[in-house]
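Here is how names work: the chains are called A, B, and so on, in the same order as the sequence lines, proteins then strands, and each is numbered from 1. Note that this is a predicted model, so its numbers are computed, not measured.
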There are 2 protein chains.
Amino acid sequence: MHMPATVRTPSYQYPQTAGSPAIFGATELPSVPMSFAKDAEIYGENEPAEYVYKVLSGAVRVSKVLQDGRRQIEAFYFAGDVFGMEFSPDHLSSAEAISPVSIIMVKRSTLLQHAERDAQIAKQLWQHTAQELEHARRHAMLLVKTAQERVASFLVGISARLVNGSVELPMSRQDIADYLGLTIETVSRTLTLFQKTSAIEFATSRRMIVRNKQALINLDS
Amino acid sequence: MHMPATVRTPSYQYPQTAGSPAIFGATELPSVPMSFAKDAEIYGENEPAEYVYKVLSGAVRVSKVLQDGRRQIEAFYFAGDVFGMEFSPDHLSSAEAISPVSIIMVKRSTLLQHAERDAQIAKQLWQHTAQELEHARRHAMLLVKTAQERVASFLVGISARLVNGSVELPMSRQDIADYLGLTIETVSRTLTLFQKTSAIEFATSRRMIVRNKQALINLDS
DNA sequence: CGGAATCTTGATTACCTTCAAACAGGGTGG
DNA sequence: CCACCCTGTTTGAAGGTAATCAAGATTCCG
């Protein structure tokens, strides 16, 4: 719903994985910078997909809400990641800022027009969707595993963002639970278990130190 | 691994949803007809993705096998469906014939070359991947629901193929279980439950009559 | 008809959820 | 500066759902 831009300084900034602000390599495309406050909605389910977004800093969650109120988080996006690109004219999920977020937006229609003429851009569009597909399938594989395997797998993924052996988790335990298809209690208990086995350690509830990544990878199975 | 073609007459043939044998509307592309016996492997995980396939008759399952031997079925494909198209040069999953299957194959490289020059084909390629993505996400949503909801949802999907109120399920109970992330016993028990509540009925273990589709939709939640 | 594979049913167990309460951290106002 | 509150997280106890283990029943095919 394109909330008013409220620029806030994030408490922690992830290392930027992609230096270029260009979306899909189309450097010449006009892009609009924008900021969202924590918990602001970037777009809602079934809204027209007017823009495509690239995260510059902060973290975003993309999710759906089931009829019974359960929320399923499909993915988290961090600096350098592109999200909100749909083939369908409407967004099929909603996106919210987990932490204060700064992004750039490119008009979907413009991107589509370029894809019509530029095979390179068309291919990047396809590649992006293919990567999302691979992620969605890996995610589906996760959801049939045990709680320990799910949490371990999530932590291994997060480990990619380690700086000096620790990360600030931008998302709440509830977010993790909704991503893994577990309850917040099970996530909490499993994290406590991993601490007891010295695989990880929490400086604060959000700052995690990975002590034994291999143990997590083994659990990931 | 491109098993030798063993043409067999399927016991039951699904109505053909797409009349044209063309893949992605590229009518001029050379396609090779082929048949696979029940349980034959069409391609394996990590094999080079040399071809793209379109089902003419029969049913196909696409799956991955986890390290611990568990199998996760990602999708079933029926007459008219295209499968095996990857952005990556290798197949990320394997495909097997559930029933005797006849297909046509188009070289992936040829298709890619055409997509370079024909924006229409490039768009269809993207659209196809986007549809697969949507399916994968819906599938992921399924996997966090209860057994009854999963089975009901699966049956609702199958109901699209109803002819005179009944369908022949081409897949085994084990296939259904591996698709839904349940055990074969739970699938069997749930189907029995749905029979007791008169939502469905089984003429044979594979021929299902849908008595109350709305009940299934309600359970699907 | 006989044997093997598939499917169903039963009993028990294990894991995760639910319900409930305590704990920790951060911010505000007195 | 401390008391209080609010939110997020952790921990505990009990219960429920699906998995597991095991045995029958049915179907399919040679």
D:dC21 base / B:E185 side chain donor-acceptor hit below 3.5 Å: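 Answer is yes: a donor-acceptor pair is held.
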hbond_proxy B:R189 side chain to D:dT20 base (donor-acceptor, 3.5 Å cutoff):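 Flag set: donor-acceptor pair detected.
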5' precedence on DNA chain C between A:K145 and B:K196 (nearest-nucleotide basis):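 Its nearest nucleotide being more 5', the pick is B:K196.
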Cationic N near anionic O, under 4.0 Å, [X] to [Y]:
X      : Y      : answer
B:R173 : B:D178 : no
B:E132 : A:R137 : yes
B:E74  : B:K64  : yes

Round to a whole Å and report the spacing from [atom1] of [X] to [atom2] of [N].
X      : N      : atom1 : atom2 : answer
A:Q148 : C:dA14 : CD    : P     : 15 Å
A:D178 : C:dC16 : CG    : C1'   : 15 Å
A:F202 : D:dT11 : CZ    : P     : 11 Å
A:R173 : C:dC23 : CZ    : P     : 19 Å
B:L182 : D:dT20 : CG    : P     : 11 Å
A:I184 : D:dT10 : CD1   : P     : 8 Å
B:L193 : C:dG10 : CG    : P     : 13 Å
A:R207 : C:dG25 : CZ    : P     : 16 Å

B:S102-B:S35 side chain donor-acceptor pair, cut-off 3.5 Å: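 No, B:S35 and B:S102 have no side-chain donor paired with an acceptor closer than 3.5 Å.
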With heavy atoms under 4.0 Å as the rule, sort [X] into base, sugar-phosphate or nothing.
X      : result
B:T146 : sugar-phosphate
A:R206 : sugar-phosphate
B:L191 : nothing

So, OP1 or OP2 of [N]: does either fall under 4.0 Å of a side-chain N or O from [X]?
X      : N      : answer
B:S188 : C:dT8  : yes
B:S172 : C:dT6  : no
B:T186 : D:dA19 : yes
A:T192 : D:dT10 : no

B:Q67 side chain to A:S221 backbone, donor-acceptor under 3.5 Å: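 Answer holds: yes.
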